[in-house]
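Following: one structure in structure tokens, then a few remarks.
The shown structure was predicted, so the numbers you read here are calculated from the model rather than taken from an experiment. By convention here, the first residue in the shown sequence is residue 1.
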Amino acid sequence: MEVMEVPADDVLLQRPWLPVSISGCQLLTKSWFGETAYRVLLTDMQGMWEERMETVDIQSRAQELNRRLRAPVKAFFSHLCEVVQPYLSGPAGRADREAQISLDRRDDGSVSLRLKSELAGLPFYWEFQCTPAPVALVCVQLVRPLLVMSRLLQRQVDQLGGLLVRKDAEIQDYRENGATLSRERLQTDAFVEPTYREDFMAKTLPLLSSEHQDALGFDDDLQQLYATVVAHGNAGKRKRSEVEEDEPTAAVVKEPPAASGSTEPADRKQSHNGRVETAGAKMADRPAVQQPSVTSDPAERPTSKPKKKKVGLFR
């Protein structure tokens with residue numbers, strides 16, 4: 001059976017965090033679905049859970065949950081993707097009305113997403129068994145990008161504040177030279193950064209604290225900023241890896257050549273008592289390792305049994 005590897009963290013890192021609501025629980029999800037493999041991340045800002053599944057594991061779980069299912073993974077995996085992806089795509093996703101999904105928190109700290117749909121006229125069940133994610137994964141997928149985003153936004157605020165101060169100085173110069181506004185409603189107060197910051201915190205922070213659902217999500221601008229930060233980080237990793245790969249090659253090229261007057265091989269050395277030792281002689285002193293010979297007898301090969309004809313996905 002062909003096995004498809006689940007992608008590395010860098011591939012999943014490029015996926016956006018999408019806000020979803022399952023069984024009344026507000027979550028941020030990030031998922032990747034391949035041909036016969038998938039990976040899912042869930043977080044409620046109090047914990048993070050993940051699941052990685054490949055072809056063999058998907059086949060085993062499908063048979064456990066659907067006893068009458070007798071089909072390869074490719075025959076039903078596309079149906080699973082079509083049914084579950086709308087639930088993991090945020091409010092914009094259109095979920096199948098006939099499909100049902102529920103969330104269950106277990107005592108061991110794991111989270112289970114149970115899915116029920118219909119395949120070929122019969123019920124089809126699936127369960128995402130997400131276990132707590134390690135701290136390193138949480139830092140890579142969420143904490144580190146958020147820290148970079150906060151630094152970028154802070155620098156942007158500082159630059160905008162400096163720009164407002166210069167604009168106020170320019171407007172004051174116009175006024176001192178006799179310029180006046182044609183409309184009084186366009187007049188603004190001078191920008192004072194400490195006063196603006198205190199007023200902003202006093203008015204905005206209570207609103208964010210009361211809006212739990214919106215506070216967990218990323219809007220379009222933050223999603224674009226997240227993607228830009230991740231892409232820049234991946235480009236830096238690729239550049240550093242290329243430099244590390246080039247360093248051993250450069251060391252080999254700079255190795256000085258052997259002396260032109262020497263006619264003996266490099267592995268031959270003259271001992272103090274006049275005997276010549278070679279690498280081949282040292283290897284000859286070692287006991288030879290006998291490798292077992294493998295023979296195949298056509299008579300011993302098991303005869304292939306005729307396969308039963310299967311009809312449809314279920315039997």
Side-chain angles (χ1 to χ4, degrees), residues 8-20 26-30 32 41 43-46 48 89-92 133 135-244:
D9 292 339
D10 292 341
V11 178
L12 189 65
L13 186 60
Q14 301 175 7
R15 302 285 176 170
W17 284 103
L18 301 175
V20 299
Q26 303 298 326
L27 301 170
L28 289 178
T29 65
K30 178 183 287 195
W32 172 89
L41 287 180
T43 179
D44 59 354
M45 291 303 176
Q46 296 181 358
M48 182 177 291
S89 300
V135 177
L137 180 63
V138 178
C139 294
V140 170
Q141 295 289 342
L142 188 60
V143 178
R144 190 179 302 169
L146 288 180
L147 290 177
V148 177
M149 291 168 61
S150 65
R151 289 199 298 268
L152 285 175
L153 293 175
Q154 183 60 45
R155 291 185 180 182
Q156 184 182 27
V157 169
D158 294 339
Q159 291 181 3
L160 292 175
L163 180 60
L164 287 176
V165 172
R166 293 195 299 270
K167 289 292 184 182
D168 287 341
E170 181 181 354
I171 294 173
Q172 183 64 27
D173 183 71
Y174 291 152
R175 290 177 178 175
E176 292 176 355
N177 287 277
T180 58
L181 287 174
S182 61
R183 302 171 185 175
E184 293 185 0
R185 62 181 179 84
L186 298 178
Q187 185 175 356
T188 58
D189 297 331
F191 175 74
V192 181
E193 186 175 357
T195 304
Y196 167 78
R197 184 177 301 174
E198 292 177 1
D199 184 67
F200 176 80
M201 292 296 181
K203 293 180 179 180
T204 307
L205 189 57
L207 295 177
L208 292 178
S209 300
S210 61
E211 298 175 357
H212 298 287
Q213 298 181 5
D214 297 337
L216 291 180
F218 291 105
D219 58 11
D220 295 338
D221 293 336
L222 290 180
Q223 288 286 8
Q224 185 176 1
L225 180 59
Y226 180 89
T228 303
V229 169
V230 168
H232 185 270
N234 290 338
K237 289 182 181 179
R238 288 193 298 267
K239 186 177 296 184
R240 288 193 297 269
S241 62
E242 291 176 358
V243 172
E244 293 176 357

**Prompt:** Of the non-hydrogen atoms in Leu222 and Met149, which two are nearest, and what is the gap between them?
**Reply:** O-CE, 3.8 Å
**Message:** Do Met45 and Leu142 make a side-chain contact, defined as non-hydrogen atoms from C-beta onward lying under 4.5 Å apart?
**Reply:** yes
**Message:** List the residues meeting side-chain contact (heavy atoms from CB on, under 4.5 Å) with Leu163, not counting sequence neighbours, and say none if there are none.
**Reply:** Arg166, Lys167
**Request:** Give the minimum heavy-atom separation between Cys139 and Pro145, together with the two atoms involved.
**Result:** O-CD, 3.8 Å
**Message:** Within this structure, what is the OG1-CG distance for the pair Thr188 and Leu181, rounded to the nearest 0.5 Å?
**Reply:** 8.5 Å
**Asked** Just by modelled atom types, is the Leu41 backbone N or O under 3.5 Å from a matching donor or acceptor in the Lys30 side chain?
**Response** no
**Asked** Which one of Gln172, Glu176, Glu170 satisfies the side-chain contact (heavy atoms from CB on, under 4.5 Å) criterion with Tyr174?
**Response** Glu170
**Message:** Donor-acceptor check, side chain of Asp168 to backbone of Phe191, threshold 3.5 angstrom: yes or no?
**Reply:** yes
**Request:** Measure the CD-CG distance between Glu184 and Leu186 for me, rounded to the nearest 0.5 Å.
**Result:** 10.0 Å
**Item:** Interatomic distance, Leu153 atom CG to Asp221 atom CG [nearest 0.5 angstrom]
**Value:** 10.0 Å
**Fill in**
Here the gap from Gln187 atom CD to Asp189 atom CG, rounded to the nearest 0.5 Å, amounts to 7.5 Å
**Message:** Nearest 0.5 Å, please: how far is CG in Leu13 from CH2 in Trp32?
**Reply:** 15.0 Å
**Request:** Check for a donor-acceptor pair, side chain of Trp17 on one end and backbone N or O of Gln141 on the other, with a separation under 3.5 Å.
**Result:** yes
**Message:** Within the 4.5 Å heavy-atom criterion, are Gln223 and Leu18 side-chain neighbours or not?
**Reply:** yes
**Item:** Residues which pass side chain to side chain donor-acceptor pair (under 3.5 Å) with Tyr196, listed by chain and number, not counting sequence neighbours
**Value:** none
**Asked** Could you state the interatomic distance from CG (Leu225) to CG (Asp220), rounded to the nearest 0.5 Å?
**Response** 12.5 Å
**Asked** In this structure, are over 12 heavy atoms from other groups packed under 6.0 Å from Asp173 atom CG?
**Response** yes
